[in-house]
Amino acid sequence: MRAIRVDATGGPEVLTVVDVPVPTPSPTQILVRTDAIGINYIDTYFRRGLYPRPLPYVPGDEGSGVVDEIGSEVTTFAVGDRVAWAAAPGSYAEYVLVDVSSAISVPDGVPADQAASALLQGITAHYLIESTYPAQRSDTVLVHAGAGGVGLMLTQLAVAKGVEVITTVSTDAKAERSAQAGAAHVLRYDDDIAARVREITGGEGVHAVYDGVGADTFEASLASLRIRGTLALFGAASGPVPALDPQRLNGAGSLFLTRPTLAHHIRDRAELEWRAGDVFAAVASGSLTVEVGAHYALEDAAQAHTDLESRKTTGSIVLIP
Ligand code: NDP
């Protein structure tokens, strides 16, 4: 089968196409023929070496496809079932081994590309809005990178709860997409974000900021919060933030700062099924639109990473094997 492999960390050019044997499932795994592979920003952190990972490795954790073979102890899935996953290392490949504990059935009517994009970013949006800061009706929140994969889903989930959403984006086209997803106010990074947020919120500031951009937005995020507001710093698309003296949280209004990660929000099968079930039910009913902004052939993985890192993409992006 064809797969993408990283032999040394670096730029997008380290993503190379290789021919490798189709793997065999262990007793608790299923072998899936991939129909679409989700590309996530975290894939670029591993590729660059920002997050360490033993080399060589096949990137990617997310995708959707059809079960081709099942392990000897698997009873919950059968050959031919449509499945998706957000935690199967080595997903940039024509065949992927998925532990049954990570596999989720794809509802009828959800296309393969949306299924391959919905889980990792959708569950992230779900835990941020339901668990990290469980936003309430009539709260106001700020979402950075509002037209990105997580950003569009988080905006829609928040708006569905009756939350007022302010977003930041870099271009007119992204502003339009973010507004279509329900953002009431769309700002630019070169606006005085905190001042604009104070204007919009009658001087109070927002209840929560969901910040996946990091270095470039962190200070504005802190300055945009109301007293006892929550900053959920969940990514670093513009780079990691510098160290912070906790005393600053006191001076800025007894703020809450957290740096959450997906794995701690899908700790067991019940929690995964709850979040994935909510996300897929919303997609199947049409209340959550998964925008797949671009499809790339598997062998064009390097181009996909280049576009993602140069902020050319909107919504989610996928590889098609
Ligand atoms: P996106 O589709 O949101 O792509 C990243 C976006 O960040 C870009 O489109 C761009 O939007 C914005 N951005 C701002 N500054 C920069 C910069 N200097 N370089 C590149 N992009 C920049 O990606 P994802 O939806 O996959 O991920 C969004 C964030 O969420 C990432 O930080 C990711 O690591 C994080 N994440 C965290 C998880 C967790 O559990 N902690 C799980 C999943 C994702 P614009 O052009 O509008 O600025």
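Order of listing sets the numbers, starting from 1, for every ligand and every atom in it.
Counting atoms of ligand 1 from 1 in the listed order, those under 4.0 Å from a heavy atom of Glu309 are 19 (N), 20 (C). Ligand-side atoms of ligand 1 in range of Tyr45: 31 (C), 32 (O), 33 (C), 34 (O), range being under 4.0 angstrom from any heavy atom. Near Gly315, meaning under 4.0 Å from one of its heavy atoms, ligand 1 places the atoms 2 (O). If you number the atoms of ligand 1 from 1 as listed, the ones under 4.0 Å from a heavy atom of Thr261 come out as 40 (O), 41 (N). For ligand 1 and Val213, the ligand atoms under 4.0 Å from any heavy atom of the residue are 14 (C), 15 (N). Set against the non-hydrogen atoms of Leu262, the atoms of ligand 1 under 4.0 Å away are 39 (C), 40 (O). Here is the list of ligand 1 atoms found below 4.0 Å of a heavy atom in Leu308: 4 (O).
Looking at atom 17 (C) of ligand 1, its nearest protein heavy atom turns out to be Ala237 O, 3.5 Å. Scanning the protein for heavy atoms near atom 6 (C) of ligand 1, the closest one is Ala145 CB, 4.0 Å. Shortest contact from atom 20 (C) of ligand 1 to any protein heavy atom: Tyr41 OH, 3.1 Å. For atom 46 (O) of ligand 1, the nearest non-hydrogen atom of the protein is Ser170 OG, 2.5 Å. Shortest contact from atom 9 (O) of ligand 1 to any protein heavy atom: Lys174 NZ, 3.3 Å. Considering only non-hydrogen protein atoms, atom 14 (C) of ligand 1 sits nearest to Arg311 NH2, 3.4 Å. Summary of contacts: the protein heavy atom closest to atom 1 (P) of ligand 1 is Gly149 N, 3.7 Å. The nearest heavy-atom contact from the protein to atom 25 (O) of ligand 1 is Val150 N, 2.9 Å.
For Ala147, the heavy-atom gap to ligand 1 stays at 4.0 angstrom or more. The shell of residues lying under 4.0 angstrom from ligand 1, judged by heavy atoms, excludes Ala215. Ligand 1 does not have Gly151 within reach: every non-hydrogen atom of the residue lies 4.0 Å or more from it. Using a 4.0 angstrom heavy-atom cutoff, Arg259 counts as in contact with ligand 1.
Taking CD1 of Ile129 as the start and OH of Tyr210 as the end, the distance is 3.5 Å to the nearest 0.5 Å.
For Arg311 and Tyr189, the positive end sits near the middle of the six-membered ring, less than 6.0 Å away and at most 45° from its axis.
In this comparison of His264, Gln121, His144, the heavy atom closest to atom 24 (P) of ligand 1 sits on Gln121. Across the listed options Ile42, Asp211, Thr124, Thr124 owns the non-hydrogen atom lying nearest to atom 42 (C) of ligand 1. Closest heavy-atom approach to atom 40 (O) of ligand 1 within the set Tyr127, Phe234, Tyr210: this belongs to Tyr127.
Residue-to-ligand polar distances place Ala236 within reach of ligand 1: an N/O pair is separated by less than 3.5 Å. For ligand 1, the polar-atom distance check against Gly148 finds no nitrogen or oxygen pair separated by under 3.5 Å.
Side-chain heavy atoms closer than 4.5 Å link hydrophobic residues (I, L, V, M, F, W, Y) into clusters, and following such links, even through other members, never connects Val83 to Val290.
Distance alone, capped at 3.5 Å, places no donor-acceptor pair between the Glu73 side chain and the Thr28 backbone. Put simply, the side chain of Arg228 never gets that close to the backbone of Ser254: no donor and acceptor are under 3.5 Å apart.
The side-chain heavy atoms of Arg33 and Pro321, taken from C-beta on, include no pair separated by under 4.5 Å.
Looking at Leu120 against ligand 1, only its side chain comes within 4.0 Å, counting heavy atoms. At a heavy-atom distance under 4.0 Å, no atom of Ser316 approaches ligand 1.
At a cut-off of 3.5 Å, with distance as the only test, no side-chain donor of His305 or Thr44 sits close to an acceptor on the other residue. Donor-acceptor pairing under 3.5 Å is recorded for the side chains of Ser178 and Thr167. Neither side chain, His265 nor Arg275, offers a donor N or O lying under 3.5 Å from an acceptor on the other.
Contact record, Ser64 with Ala115: CB-CB, 3.8 Å, taken as the closest heavy-atom pair. The two residues Ala183 and Val186 come nearest to each other via the heavy atoms CB-CG2, 3.9 Å. When all heavy atoms are compared, the tightest approach of Gly149 to Gln121 is CA-OE1, 3.4 Å. Shown here for Glu164 and Ala184, the closest heavy-atom pair between the two residues is CG-CB, 3.9 Å.
The hydrophobic cluster containing Leu97 also includes Met1, Val18, Val20, Val22, Leu31, Tyr95, under a criterion of side-chain heavy atoms closer than 4.5 Å among ILVMFWY residues, counted directly or through chains of members.
A salt bridge is absent between Lys174 and Asp172: the closest approach of a Lys/Arg side-chain nitrogen to an acidic carboxylate oxygen does not fall below 4.0 angstrom.
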